[in-house]
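For reference, the structure is listed below as C-alpha cells.
In what follows, chains are A, B, ... by sequence order, proteins preceding strands, each numbered from 1. Note that the structure is predicted; figures quoted are calculated from it, not measured.
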Number of protein chains: 2
Amino acid sequence: MRKGKPNDPERRTRILRAALEVIASEGVHAASYRRIAVQAGVPLGSTTYYFADLETLIVSAFETLRDGLEPRYAAPMRDARLDTDVVDALVAATCGSTAPTLTDIRLYEEMHLYGARSPRVAEVLRDLQEESLMVLRRSLPDGTARAVDALMWGWWSYRALHPGDPLDQGMVRSAYRALVDIAVTRMERGDRRGVAESTPGV
Amino acid sequence: MRKGKPNDPERRTRILRAALEVIASEGVHAASYRRIAVQAGVPLGSTTYYFADLETLIVSAFETLRDGLEPRYAAPMRDARLDTDVVDALVAATCGSTAPTLTDIRLYEEMHLYGARSPRVAEVLRDLQEESLMVLRRSLPDGTARAVDALMWGWWSYRALHPGDPLDQGMVRSAYRALVDIAVTRMERGDRRGVAESTPGV
DNA sequence: TGAATCTGCGTACAATGGTACATACTTTAT
DNA sequence: ATAAAGTATGTACCATTGTACGCAGATTCA
C-alpha cells in the first residue's frame, strides 16, 4: 500500500472554515462548491476532491461547527454548582460574556433549518441539543432544563432578529431565576407534579 | 383609460398559496418560479406576470402568511383577562388547541432565516413579532411579555426539531406560571427593578 | 530508475435558474 | 366594428450549478 502525503494538510480544514464563513454571511443556499472555493482561496477541483458531494461538505462544516461550539458554551455551565451560579451562567450564556456571537447564532439557525431537510444535519443538531440538556441536567431537573433551553434559544433568536437591541440583563435574570426557583420549590416540597413530571428516575 | 379584467381573479392568490406550500415542504431555496408554477398548476409566464421578480413573490407570500397567522394566534390571547386565563392561553398557543401546526412553524422558521438577508421580509417579521408583543402587553408588563414570547418561540422551535416528541403540558404550564408570577409579585410590591425595567410609561 | 498509486486541479457538460420578450387573447371606448 | 390597452403565456437566452473526468505532479516500492 503506497500512500501519498498531502502537500497542504490544512487545506481540508481551510475549506471547512470557508464553508462556514459563506454560510454565515450568505446562507446555506449560497454555499456552492465554487463560492466556497473562492472564499478559501483554493481552486474548484480542490473542494470537489476533498468532499465527494456538496451535501457531505456542508454536513462536515456543521460538524466542525458543533465541535467548536460545544466546549465553548458548555464549560462555564458545567462549572456552576450553586443555584445562583447557575442563573449567572445562564445569563452570561444568553447575553453576557459567554454568549454566542451573532455570527454563531446565524450559523446555528442555518443549521437548524437545513437540518429540517437533511437527516445527517438533524442528527448533528440533536447531538448538540442533547449535549446542552445533559449539562443543564447536572444542576436542574429535566423539565426545567428543557424550559431553560427553549428560553435561551428564543432569546438568541431574538438577538439575531434585532441586532441593535441588546437584551435587558435584569429581565433575563429574573426569568431564569423564576424558572430555576420553581424547580427548587417543588423539590423542597417533594411535589412531583408539573415540572418534574417527565424526569425519568435516574 | 381602458381596463382589462383578469380572466382568473384567483390566480394571484393561488400562486401565493402554492409558494407557501413549496416553501413549507422544500424550503425557500427551492422556491423557484418554475417549481411554484407547477405547484399552482399555472404556466410559468403566469407567475412572472403577477410578480415582477422572485424576491417580490416570496415577500408577498410571507406577507400573506403573516396576515393569515396573526388573527388565528392573537385572538385567543386577546380575550384572556385573568392571570390564569393568560397562562391557559399561553399553554394552548404553545402545544394545545391554538398552537401552530408543524407546517406553520416551518414556514415561520423559513421566514425568520430568509429575513436575515432580506430587509423586506425582516420588516414583515418584525411586524408579526411586534403584534404578538402588543397582545401580550395587554396582560403582562413589557419584560415578561418579551420573556414569554422568547420562551414560546423556543418551544415551537423544539417541536419542529422533534416532531414525534410532544411537549409536557404540565412543564410548559409551570414555566409560564413562573414567568407570569414574577411580574405579579413585583408589581404588588411596587418593585420596579428587573422585569419591569424597560417598560415605557404608557 | 521506473512503474504504480495517490494527490491535486482545470475543463467540460447537462441541468436548472431568473428574466426578457414576442405573441396571442380579452375587454373597453369610440 | 376597430383600435388601444391590459391580460396571459410560450420560448429563448445567459448565468450558475453539481459533478464527471482526464491530466499532471508527487510519493512509494521494487
Side-chain angles (χ1 to χ4, degrees), chain A residues 1-62 110 113-114 117-121, chain B residues 1-62 110 113-114 117-121:
Chain A
M1 293 296 162
R2 298 90 194 245
K3 285 188 13 187
K5 263 211 306 195
N7 291 349
D8 182 357
E10 296 230 349
R11 181 143 295 197
R12 201 187 125 97
T13 309
R14 186 138 37 106
I15 292 172
L16 288 175
R17 252 205 306 271
L20 288 179
E21 286 164 13
V22 172
I23 293 173
S25 68
E26 299 167 46
V28 268
H29 69 281
S32 67
Y33 272 129
R34 285 170 178 82
R35 181 71 189 78
I36 292 169
V38 168
Q39 184 77 20
V42 302
L44 167 64
S46 195
T47 62
T48 65
Y49 172 69
Y50 282 104
F51 302 94
D53 54 70
L54 192 62
E55 166 84 1
T56 301
L57 202 176
I58 291 179
V59 171
S60 304
F62 281 136
E110 294 284 347
L113 206 53
Y114 194 85
R117 268 109 206 165
S118 159
R120 296 170 64 189
V121 171
Chain B
M1 292 296 161
R2 299 89 193 243
K3 284 190 13 187
K5 264 210 307 196
N7 292 350
D8 182 357
E10 296 229 350
R11 180 144 297 197
R12 203 188 123 97
T13 308
R14 186 136 40 103
I15 292 172
L16 288 174
R17 253 205 305 273
L20 288 179
E21 287 164 13
V22 172
I23 293 173
S25 67
E26 298 167 47
V28 268
H29 69 280
S32 66
Y33 272 130
R34 288 171 176 81
R35 181 70 189 77
I36 293 170
V38 168
Q39 183 76 21
V42 303
L44 167 63
S46 195
T47 63
T48 66
Y49 173 70
Y50 281 103
F51 303 94
D53 53 69
L54 192 61
E55 165 85 1
T56 302
L57 203 176
I58 292 179
V59 172
S60 305
F62 281 135
E110 295 283 347
L113 205 53
Y114 194 86
R117 268 109 207 166
S118 160
R120 297 169 65 188
V121 170

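- Checking side-chain atoms of T56(B) against main-chain N and O of A52(B) turns up no donor-acceptor pair under 3.5 Å.
- The backbone N or O of L44(B) sits nowhere less than 3.5 Å from a side-chain atom of Y33(B) that would complete a donor-acceptor pair.
- Every residue meeting the side-chain hydrogen bond (donor to acceptor under 3.5 Å, both in side chains) condition with Q39(A), not counting sequence neighbours, appears here in chain and number order: E21(A), R35(A).
- Rounding to the nearest 0.5 angstrom, the gap separating the CZ atom in R120(B) from the OH atom in Y114(B) is 9.0 Å.
- S60(A) and L16(A) get closest at one heavy-atom pair: CB-CD2, 3.7 Å.
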For nucleotides 22-24 of chain D, print each protein N/O atom paired with a nucleotide N/O atom at under 3.5 Å, atom names and distance only.
none

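- One distance of note links CD1 of I58(B) with CD1 of I23(B); it measures 5.5 Å at 0.5 Å rounding.
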* Reading 5' to 3' through nucleotides 9-19 of chain D, protein heavy-atom contacts under 4.0 Å coded B for base, S for sugar-phosphate only, - for none -> BBBB----BBB
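- Here the CZ atom belonging to R117(A) is positioned 7.0 Å from the OG atom belonging to S25(B), to the nearest 0.5 angstrom.
- Across every non-hydrogen atom of L57(B) and A19(B), the tightest pair is CD2-CB, 3.7 Å.
- F51(A) places its CZ atom 12 Å from the P atom of dG8(C), with the value rounded to the nearest Å.
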